[in-house]
Each structure stands twice: as C-alpha cells, then as structure tokens.
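Everything on this sheet refers to the single structure shown next.
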Amino acid sequence: MAFNNVGPLTFLAPGQTAFWSYTYGGDRGTQFASADVKTPNQGAVHLADQQRKAKDNNGNATYFVAIHNQGAGGCFHNLQGGGMS
C-alpha cells in the first residue's frame with residue numbers, strides 16, 4: 001500500500017542528511033521510502049538510500065531510510081513510498 005506525506009516536515013540544506021525510521025504493526029514485507037519533496041524548492045535534489053529493515057521477536061518490522069540533499073539549495077520533505085508488489 002502506498003503512502004505520501006508521512007512524518008514531520010524536515011528541512012535539508014545542501015549536503016545535509018536526514019535519517020528516518022517507520023514501523024507498522026506486523027511485517028508488511030519489502031517497503032521502499034523516498035523523500036516527498038515539498039515546494040517551494042530552492043534547488044534541492046533528494047536521494048533516498050540505505051534502505052534497511054529490522055524485525056522484532058514480536059513480529060513487528062521497522063524500516064529505515066536515509067535522505068540526502070544533493071542539490072544546490074534547501075527544501076522541506078517528509079516520506080512517501082510503499083510496498084513492492
């Protein structure tokens with residue numbers, strides 16, 4: 001299931017990185033998250049990488065992603081993404 005506009009708005013200046021984690025009750029399989037880039041955009045280019053997953057003994061999964069601003073200007077973002085199907 002896809003998601004958009006998840007989490008607090010986070011500003012990244014050029015060269016900055018934000019580390020995110022998100023969880024669901026249970027395990028939703030493979031999930032991918034990227035930056036839900038907002039406007040106005042001052043020239044930001046956000047790269048999502050370091051996608052990771054941890055699973056607790058109770059069966060809940062936590063997902064992790066790093067968002068890097070590789071652009072010339074700053075911008076706010078939060079998360080968007082979803083599962084592989």
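Predicted model only: the values in this text are computed from it and were never measured.
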Which atom of Val37 lies closest to which atom of His77, heavy atoms considered: CA-CB, 4.2 Å

Using a 4.5 Å cut-off on heavy atoms from C-beta on, say whether the side chain of Lys53 contacts that of Thr62. no

Taking C-beta and beyond as the side chain, do Gln70 and Leu12 meet within less than 4.5 Å on heavy atoms? no

The criterion is side-chain contact (heavy atoms from CB on, under 4.5 Å); which residues satisfy it with Gln80, sequence neighbours excluded? Asn4, Ser34, Asp36

Residues two or more places apart in sequence or in another chain: which of them pass side-chain contact (heavy atoms from CB on, under 4.5 Å) with Gln42? Phe11

Evaluate Thr10 against Trp20 for side chain to side chain contact (heavy atoms under 4.5 Å, CB included), listing each step before the verdict. CA-CA 10 Å; Thr10 302; Trp20 289 83; 3.5 Å; yes

Atom pair CE/CZ of Met84 and Arg28 - distance to nearest 0.5 Å: 15.0 Å

Keeping the roles fixed (side chain from [X], backbone from [Y]), state whether a donor-acceptor pair exists under 3.5 Å.
{"X": "Asn78", "Y": "Ala35", "answer": "no"}
{"X": "Asn41", "Y": "Cys75", "answer": "no"}
{"X": "Asp56", "Y": "Gly59", "answer": "no"}

Is there a path from Tyr24 to Val6 through hydrophobic residues (I, L, V, M, F, W, Y) whose side chains come within less than 4.5 Å of each other? yes

Could you check, using the six-membered ring where one of them is a Trp, whether Tyr22 and Phe3 have ring centers closer than 6.0 angstrom? yes

